[in-house]
Amino acid sequence: MLSSYIEKPPVDMIDYSSSLPYYAQLKALLWQKIRGNEWKAHDRLPSEAELCQRYGVSRTVVRQALTEMVQEGILYRRKGKGTFVAGPKITEGLFQQLIGLHEEMASQGVRLLTRILEQILVPAEARIASSLNLSVGDSVIKLVRLRLVEDTPIVLSTTFIPYHCCPSLLEYDLSDRSLYTTVEEEFGLQISHGVRSIEVAEASTKEANLLQIKPGQPLVLVESRTFLRDGRIFDFSIAKHRADRCRFEVQLVRTKTHLDSITQLVAAGDRE
């Protein structure tokens, strides 16, 4: 963390007598400006040449400091426009309750923008058919959405829904409304529960372009299946979250019933 780079109260200059590398000192100085609100979220930093002149260091030092701060999610770059201060990470509680990202952000007072990239009818491929308990070739609605906060793309999600569940969903504009709320209010479907898994993936070139990151950067991949109250599978979703802009919060509960079950399993193992 950047706090580890600060050995003493910061002064807005490089200490050439310090054993701390120049790039690490520069990171600490830039971080101090961000933490002190001198530079706010989405402010553009001075150019590399200006930083070189201001702090008396080489462009190599400046580039290393900025690159590491970008990798740590403190800054972000826009091609041809410069380097900017990143906003705070978006906290998601998608593993605590069954809500969509639109509802999650609304509960935090965050304005979520959605760009619909695809909303089409396609035949189910093998993996999609298996996930939705359909036959290969059955019709499914494919919904691809790019989700943005403060004009910054944070999630690329692809959702597959059995066509027979809500055929006219293809006609709805989902750019400014929750998918789950729409199907509950407009189609009378009752979403009951779901299963979600999480892993890490690397951004493909296409994904990187859409999410405004570099190919190969880490993404948090969340796969979900939700079920209707009558037991039918409603959707299968693959959401790829920018690792530098999102974090997930999970509440853990220690219950006596669970502990008793573990104790019984351990005891059974000791007897074998």
Side-chain angles (χ1 to χ4, degrees), residues 90-108 110 112 114-147 154-201 219-241 246-255 257-258 261-262:
I90 302 301
T91 300
E92 302 181 46
L94 299 182
F95 293 87
Q96 299 175 179
Q97 49 190 333
L98 183 54
I99 58 176
L101 186 60
H102 188 282
E103 297 162 312
E104 173 74 19
M105 295 299 98
S107 70
Q108 298 181 33
V110 175
L112 179 74
T114 299
R115 292 179 187 168
I116 306 297
L117 305 183
E118 290 185 67
Q119 190 171 347
I120 59 176
L121 192 65
V122 298
E125 298 178 356
R127 187 188 178 206
I128 306 305
S130 175
S131 298
L132 293 173
N133 198 23
L134 299 174
S135 298
V136 173
D138 282 353
S139 295
V140 294
I141 296 172
K142 180 182 180 182
L143 178 62
V144 182
R145 293 170 291 176
L146 183 65
R147 325 303 291 273
I154 60 169
V155 183
L156 177 64
S157 70
T158 304
T159 303
F160 298 93
I161 303 167
Y163 179 63
H164 62 77
C165 280
C166 40
S168 58
L169 183 65
L170 287 167
E171 302 169 10
Y172 281 77
D173 181 3
L174 297 172
S175 60
D176 195 31
R177 62 191 299 176
S178 161
L179 170 63
Y180 289 170
T181 299
T182 299
V183 299
E184 289 176 335
E185 293 181 351
E186 302 294 336
F187 298 94
L189 300 175
Q190 294 181 312
I191 296 175
S192 171
H193 61 284
V195 177
R196 285 178 172 142
S197 63
I198 184 170
E199 59 185 281
V200 177
L219 298 174
V220 179
L221 189 157
V222 179
E223 291 190 353
S224 309
R225 286 199 306 164
T226 59
F227 297 79
L228 300 175
R229 185 160 294 181
D230 61 11
R232 289 181 296 159
I233 301 173
F234 170 69
D235 74 350
F236 171 61
S237 175
I238 305 168
K240 297 184 177 181
H241 303 245
C246 299
R247 69 176 183 177
F248 294 88
E249 186 174 277
V250 180
Q251 292 184 2
L252 305 177
V253 179
R254 182 179 173 90
T255 64
T257 302
H258 189 204
S261 299
I262 294 175

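Values in this document were obtained by computation on a predicted structure and should not be read as measured data. We count residues from 1, following the sequence as given.
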**Study point:** Validation row: Ile154, His241 side chains within 4.5 angstrom (heavy atoms)
**Key:** no
Exercise for review: Please assess Ile238 against Val222 for the test side-chain contact (heavy atoms from CB on, under 4.5 Å), listing each intermediate value before the final yes or no.
Suggested key: CA-CA 6 Å; Ile238 305 168; Val222 179; over 6 Å; no
Review point. Taking all non-hydrogen atoms of both residues, which atom of Lys142 and which atom of Thr158 are closest, and how far apart?
Key: CE-CG2, 4.1 Å
Review point. Ring centroid separation for Phe187 and Tyr172, is it under 6.0 angstrom?
Key: yes
Check your understanding: Hey, does Val183 have a side-chain heavy atom less than 4.5 Å from the side chain of Ile191?
Key -> yes
Exercise for review: For Glu199 and Glu223, indicate whether the former's side chain and the latter's backbone hold a donor-acceptor pair under 3.5 Å.
Suggested key: no
Check your understanding: How close do Leu221 and Lys240 get, heavy atom to heavy atom, and via which atoms?
Key -> CD1-CE, 3.9 Å
Practice item. Check the side chains of Asp235 and Thr226 for a donor-acceptor pair under 3.5 angstrom, ignoring hydrogens and angles. Key: yes
List the atom pairs, with distances to 0.1 Å, where a side-chain N or O of residues 133-141 and a protein N or O form a donor-acceptor pair under 3.5 Å, not counting sequence neighbours.
residue, atom, partner, partner atom, Å
Asp138, OD2, Ser135, N, 2.9

Review point. Side chains of Thr114 and Arg145: is there a donor and an acceptor less than 3.5 Å apart?
Key: no
Practice item. Return the minimal non-hydrogen interatomic distance between Cys165 and Pro167, and the atom names on each side. Key: C-CD, 3.9 Å
Review point. Stepwise, does the side-chain contact (heavy atoms from CB on, under 4.5 Å) test hold for Arg127 with Ser130?
Key: CA-CA 5 Å; Arg127 187 188 178 206; Ser130 175; 5.8 Å; no
Review point. Ignoring hydrogens and geometry, is there a side-chain-to-backbone donor-acceptor pair from Gln119 to Leu169 under 3.5 Å?
Key: yes
Exercise for review: Could you tell me the separation between the CD atom of Glu118 and the OG1 atom of Thr159, rounded to the nearest 0.5 Å?
Suggested key: 11.5 Å
Exercise for review: Taking only Lys NZ, Arg NE, NH1 and NH2, and the carboxylate oxygens of Asp or Glu, determine whether Glu186 and Arg177 approach each other closer than 4.0 Å.
Suggested key: yes
Review point. If you look at every heavy atom in Phe234 and Ile161, which pair is closest and at what distance?
Key: O-CG2, 3.5 Å
**Study point:** Side-chain donor/acceptor of Arg225 to backbone N/O of Ser131, under 3.5 Å
**Key:** yes
Review point. Could you state the interatomic distance from CG (Leu146) to OG (Ser175), rounded to the nearest 0.5 Å?
Key: 12.5 Å
Check your understanding: How about Phe227 and Val195: do any of their side-chain heavy atoms sit closer than 4.5 Å?
Key -> yes
Check your understanding: Minimum heavy-atom separation for Ser178 to Thr182, with atom names?
Key -> O-OG1, 2.6 Å
Exercise for review: Tell me, with the steps shown, if Leu143 and Leu174 meet side-chain contact (heavy atoms from CB on, under 4.5 Å).
Suggested key: CA-CA 9 Å; Leu143 178 62; Leu174 297 172; 3.6 Å; yes
Point to revise | Heavy-atom side-chain proximity of Leu121 to Tyr163 below 4.5 angstrom | key: yes
